[in-house]
Amino acid sequence: MPDLLIELRSEEIPARMQRKAAGDLKKLVTDGLVAAGLTYEGAREYWTPRRLALDIRGVDARSKDQVEDRKGPRTDAPAKAIEGFLKGAGLSSIEEAHVHSDPKKGDFYVAHLRKPGQAAEDIVAELMPKIIREFPWPKSMRWGKASREPGSLRWVRPLQSILCTFGPETSEPVVVDFEVGGIRSGNLTYGHRFHAPDAIKVRRFDDYVTSLERAFVVLDADRRKDIIRTDAEHLAFAQGLEVVPDEALLEEVSGLVEWPVTLMGTFEEAFLAIPPEVVRLTIKTNQKCFVTRAPGAAGLSNRFVLVANIEASDGGAEIARGNGKVVRARLSDALYFWQTDQADLPDLAGLQASADKLGLDLSKPLDQRMAKLDALGVTFHAKLGTQGARVQRIAALAETIAPMVGADPALAKRAALLAKADLTSEAVGEFPELQGLMGRYYAALQGEHPSVQAAIEEHYRPQGPGDAVPTDPVAITVALADKLDTLVGFWAIDEKPTGSKDPYALRRAALGVIRIVLERGLELPLHRVGADADLIGFFHDRLKGQLRDQGARHDLVDAVLSSAQDGNASISPLEGEMPGKAEGGGGAPVSSAMLDAKTPPSGLPTISPSRGEIGQSDGLNDDLFDITRRVEALGSFLATEDGTNLLAGTRRAANILAAEEKKGTRIADTVDLALLAEPEEKLLAGAIDRAEMELAAALRAEHYGQAMAALATLRIPVDAFFEKVLVNAEDAAVRANRLALLARIRAATRQVADFSKIAG
């Protein structure tokens with residue numbers, strides 16, 4: 001079967017766009033072939049900085065003939081209806097139509113339309129101009145004289161040639177002839193811009209790849225990556241070094257060269273006084289080079305690996321020298337940033353008011369930069385005040401959360417006050433991705449506690465599914481305070497995510513809180529840190545997804561959350577004292593003054609998490625770790641025979657109650673022991689009494705395995721009750737009493753989960 005080869009050659013395509021563009025080309029072409037009635041055996045896309053290529057094997061030589069029966073009007077229809085039918089079907093007279101009969105509808109006209117198949121090359125010639133003109137580049141341009149004309153061709157960079165051949169392996173392929181923007185397709189391509197700029201005639205994919213290789217072009221991007229990786233490792237090994245891995249840089253560099261040649265450059269060792277992250281980012285960002293280090297070392301060496309696109313006659317010595325010159329200039333800038341950030345700011349006198357307000361020490365550089373951030377009045381959000389005001393709120397919240405996490409409140413407050421200070425540093429101004437990390441370096445230089453240093457760097461974590469959560473208790477505290485302040489604040493001003501829109505990354509912030517709480521086993525009642533019922537519900541939605549991703553059954557998650565939300569979870573770890581896993585217990589509720597800046601901007605809503613104790617979150621269980629433990633315990637219980645049977649009995653009780661409630665049947669408020677006549681109902685009443693007491697004790701202690709064991713004791717008496725006792729007794733009082741017994745079963749189980757939500 002014939003194969004199709006396409007190449008779209010242009011000036012250099014930005015590296016970040018190449019992989020997706022090649023995938024888009026493959027999808028657009030293959031989808032177009034299939035839509036036109038052609039099948040194919042396989043397709044693979046390729047790309048270099050100057051070309052997108054597509055190899056499609058086993059394409060049908062021709063699309064199949066298509067037959068369509070188009071139903072028309074009845075034979076006795078008005079003339080105009082028949083004329084419209086003929087015109088739509090493309091028939092010249094009614095004699096070309098056929099008459100079909102239907103027992104109910106009578107005789108009607110049918111046009112048997114036959115559309116002959118097309119040759120594949122004709123289909124491709126019709127398809128490709130449309131694809132090229134409508135190609136989904138993130139950014140595109142016009143060029144040349146034609147750019148002045150309306151509807152002129154747009155491409156990411158000027159398109160220079162189009163190669164398109166089609167044919168079987170056993171014969172000479174044909175050129176699929178079409179034209180786009182003044183460029184006519186052909187069977188020519190061109191090699192490396194400098195080493196082999198002449199035209200190359202191409203027949204099919206195999207000789208295309210071979211010819212390009214001879215012309216200093218490696219077509220396969222993954223192969224270019226392997227060449228770069230291997231050669232770089234060999235160069236470094238020869239110097240007793242190793243390359244610091246960087247897959248993102250490797251992907252980018254492989255998109256900058258068609259013929260990769262790795263070289264090694266150097267810079268002065270004096271620049272190694274700069275933090276290695278700054279050195280690495282400087283060299284990566286400005287020169288797209290890889291840094292090296294001694295095997296297993298934390299620091300870097302003064303040698304770097306660069307990737308050229310040509311084989312120079314001097315072996316690349318001049319290229320390496322030139323890159324080294326630029327690297328040294330960039331590192332000189334970085335060294336200036338590093339040294340400037342450690343020096344005093346020139347306007348210390350103007351920062352004293354901010355320092356006094358925040359409790360900062362202006363003899364320390366990082367404190368100075370925090371005071372500067374406050375004094376500048378940089379807005380965090382128009383309705384939530386400045387960055388300085390936000391830092392005050394985070395610090396107060398961190399002080400409150402610290403005892404729940406087992407962290408020192410004073411250290412947590414200090415870390416929170418300094419966490420955003422590096423935002424005004426020179427280094428972070430140049431490299432925003434280093435925020436937090438530079439703060440940690442500067443905190444170490446001024447002798448801050450190791451936990452404060454860790455918190456400054458890690459409080460942004462986790463920033464995504466692959467990012468680790470903080471480990472140090474102080475870092476955990478500040479990370480939670482930072483994210484919770486954001487969430488509580490934006491909920492207070494009614495700026496919540498809607499649909500797919502989440503401009504303030506509030507979903508990510510909530511997932512960050514959830515991951516920290518679950519992975520560190522924290523009991524953190526959300527209403528104690530300012531969350532209202534609506535925000536707690538938002539957390540519940542995110543928690544559902546998180547637990548499902550971890551393998552929890554969705555119905556069990558829904559059952560536990562429904563139990564917490566329906567107001568029946570009367571025994572909750574939120575009643576009375578606020579027990580916590582860490583020493584120090586729950587801590588005092590946060591005051592409004594803690595969360596609001598001392599001088600909030602006009603219109604800033606009061607964020608008051610001081611909502612009292614239980615009941616202030618509308619009956620919602622707002623302890624995320626507690627919910628998770630309940631789900632785990634419920635899953636283990638339902639895996640047992642007792643759990644399965646009790647689930648069936650509980651459902652039966654719930655169904656009977658629901659039916660009677662719908663009919664308006666009276667249900668007694670309490671169970672009257674005097675009306676219990678049958679042994680089985682007496683046995684069940686006693687079992688419920690014992691189970692309720694054991695359940696209450698277990699839930700107070702948060703021993704959910706014991707809570708399930710308490711429910712398990714109901715299994716046998718529930719089974720016996722339904723086997724021997726008629727719930728809908730003729731005596732109305734007896735019936736109401738027995739329904740009250742079932743209501744107690746439902747209420748007891750709902751303290752753990754809403755069993756009606758459980759599947760199976």
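Because only heavy atoms are used, hydrogens play no part in the values below, and waters and symmetry mates are left out as well, while side chains stay in. Here the structure is a predicted model, which is why all the values come from computation and not from measurement.
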Please name the pair of heavy atoms, one in P497 and one in D502, separated by the smallest distance, quoted to 0.1 Å. CG-OD1, 3.6 Å

From the list H195, H192, E311, side chain to side chain donor-acceptor pair (under 3.5 Å) with W259 holds only for E311

Is the backbone N or O of R62 less than 3.5 Å from a side-chain atom of D60, with the two atoms forming a donor-acceptor pair by type? no

Look only at the side chain of E252 and the backbone of K288, and say whether a donor-acceptor pair between them is shorter than 3.5 Å. no

Using a 3.5 Å distance criterion without hydrogens, assess whether the side chain of R280 forms a donor-acceptor pair with backbone atoms of V291. no

Is the shortest distance from a Lys or Arg side-chain nitrogen in K71 or D69 to a carboxylate oxygen in the other one below 4.0 Å? no

Tell me whether R229 is salt-bridged to E247, with the criterion being a basic N under 4.0 Å from an acidic carboxylate O. yes

Check the pair Y190, V217 against side-chain contact (heavy atoms from CB on, under 4.5 Å), reporting the backbone distance first and the verdict last. CA-CA 9 Å; Y190 298 80; V217 175; over 6 Å; no

Main chain of R204, side chain of D207: is a donor-acceptor contact present, judged purely on distance under 3.5 Å? yes

Taking side chain as C-beta onward, heavy atoms only, is I56 less than 4.5 Å from T30? yes

R57 and D206: salt bridge (Lys or Arg N to Asp or Glu O under 4.0 Å), yes or no, with the steps? CA-CA 12 Å; R57 302 292 177 92; D206 292 340; 3.6 Å; yes

N/O donor-acceptor pair under 3.5 Å between S185 side chain and I162 backbone: no

P2 and A61: which non-hydrogen atoms are nearest, and at how many Å? CG-CB, 4.1 Å

Residues E12 and R157 bridged, charged N to O under 4.0 Å: no

Test side-chain contact (heavy atoms from CB on, under 4.5 Å) applied to W47 and L25, step by step: CA-CA 11 Å; W47 63 93; L25 179 63; over 6 Å; no

Has R515 got a side-chain atom pairing as donor or acceptor with D467's backbone, closer than 3.5 angstrom? yes

Taking atom CZ of R330 as the centre, report whether more than 12 heavy atoms of other residues, nucleotides or ligands fall under 6.0 Å from it. no

Less than 4.0 Å between a side-chain N and a carboxylate O, is that true for D198 and R214? no

Is a donor on one side and an acceptor on the other found under 3.5 Å between the side chain of T165 and the backbone of N187? no

List the atom of R303, the atom of T292, and the distance in Å for their closest heavy-atom pair. O-OG1, 2.7 Å

How far apart are the closest heavy atoms of V218 and P260, and which atoms are they? CG2-CD, 4.3 Å

Value rounded to 0.5 Å, distance of NZ in K201 from OG1 in T189: 14.5 Å

Is the number of heavy atoms from other residues, nucleotides or ligands under 6.0 Å of R16 CZ greater than 12? no

Trace of the side-chain contact (heavy atoms from CB on, under 4.5 Å) decision for L212 with T48: CA-CA 11 Å; L212 283 178; T48 78; over 6 Å; no

Would you mind checking if K496 and D494 are paired as a salt bridge, meaning a charged N to carboxylate O distance below 4.0 Å? yes

Can R184 and D177 be counted as an ion pair, charged N to O under 4.0 angstrom? yes

Report yes if the side chains of Y109 and E96 come closer than 4.5 Å at any heavy-atom pair, otherwise no. no

Does some side-chain heavy atom of V278 sit less than 4.5 Å from a side-chain heavy atom of L335? no

Any sub-3.5 Å donor-acceptor pair from S147's side-chain atoms to G144's backbone N or O? yes

Tell me, do N309 and L256 make a side-chain contact under 4.5 Å, heavy atoms counted? no

Pairing donors with acceptors under 3.5 angstrom, does anything connect the side chains of S425 and R369? no

What's the separation between atom CG in L91 and atom NE2 in H112, rounded to the nearest 0.5 Å? 10.5 Å

Check: R461 side chain, G512 main-chain N or O, donor-acceptor pair, under 3.5 Å: no

Tested for side-chain contact (heavy atoms from CB on, under 4.5 Å) against C164, the lone hit among L5, L4, V175 is L4

Return the CG to NZ distance between L38 and K64, rounded to the nearest 0.5 Å. 11.0 Å

Less than 4.0 angstrom from a charged side-chain N to a carboxylate O is my criterion; do R44 and D220 meet it? yes

Separation between CG (D55) and CD (E45), nearest 0.5 Å, reads 10.5 Å

Tell me whether R51 is salt-bridged to E258, with the criterion being a basic N under 4.0 Å from an acidic carboxylate O. yes

Under the side-chain contact (heavy atoms from CB on, under 4.5 Å) rule, what do F304 and Q287 come out as? Steps first, then yes or no, please. CA-CA 10 Å; F304 62 92; Q287 289 303 106; 6.0 Å; no

Give a yes or no on whether the ring-centroid distance for F205 and Y46 is below 6.0 angstrom. yes

Under 4.0 Å between a Lys/Arg side-chain N and an Asp/Glu carboxylate O for E318 and R321? yes

Would you say F490 and H381 make side-chain contact, with heavy atoms under 4.5 Å? yes

Minimal non-hydrogen separation, G191 against A215, with atom names: CA-CB, 3.7 Å

Test your reading of the model: is there a side-chain donor-acceptor pair from R154 to the backbone of S140, 3.5 Å cut-off? yes

Near E179 CD, under 6.0 Å, is it more than 12 heavy atoms from other residues, nucleotides or ligands? yes

Spacing of NZ belonging to K87 relative to OG belonging to S92, to within rounding of 0.5 Å: 14.5 Å

Rounded to the nearest 0.5 Å, what separation is found between the OG atom of S10 and the CE atom of M141? 10.0 Å

Indicate yes or no: at least one non-hydrogen side-chain atom of W155 is less than 4.5 angstrom from one of I132. yes

Indicate yes or no: at least one non-hydrogen side-chain atom of I310 is less than 4.5 angstrom from one of F216. no

Before you tell me yes or no, could you show the steps for K420 and D482 under salt bridge (Lys or Arg N to Asp or Glu O under 4.0 Å), namely the whole-Å CA-CA distance, both residues' side-chain angles and the distance that decides it to 0.1 Å? CA-CA 10 Å; K420 308 296 182 183; D482 183 32; 3.4 Å; yes

Testing the basics here: between F290 and I228, what is the closest heavy-atom pair and its distance to 0.1 Å? CE1-CG2, 4.2 Å

Before giving the answer on salt bridge (Lys or Arg N to Asp or Glu O under 4.0 Å), spell out for R203 and D3 the whole-Å C-alpha distance, their side-chain angles and the decisive distance to 0.1 Å. CA-CA 11 Å; R203 297 173 69 249; D3 301 329; over 6 Å; no

Student check: side-chain heavy atoms of E277 and L434 closer than 4.5 Å: yes

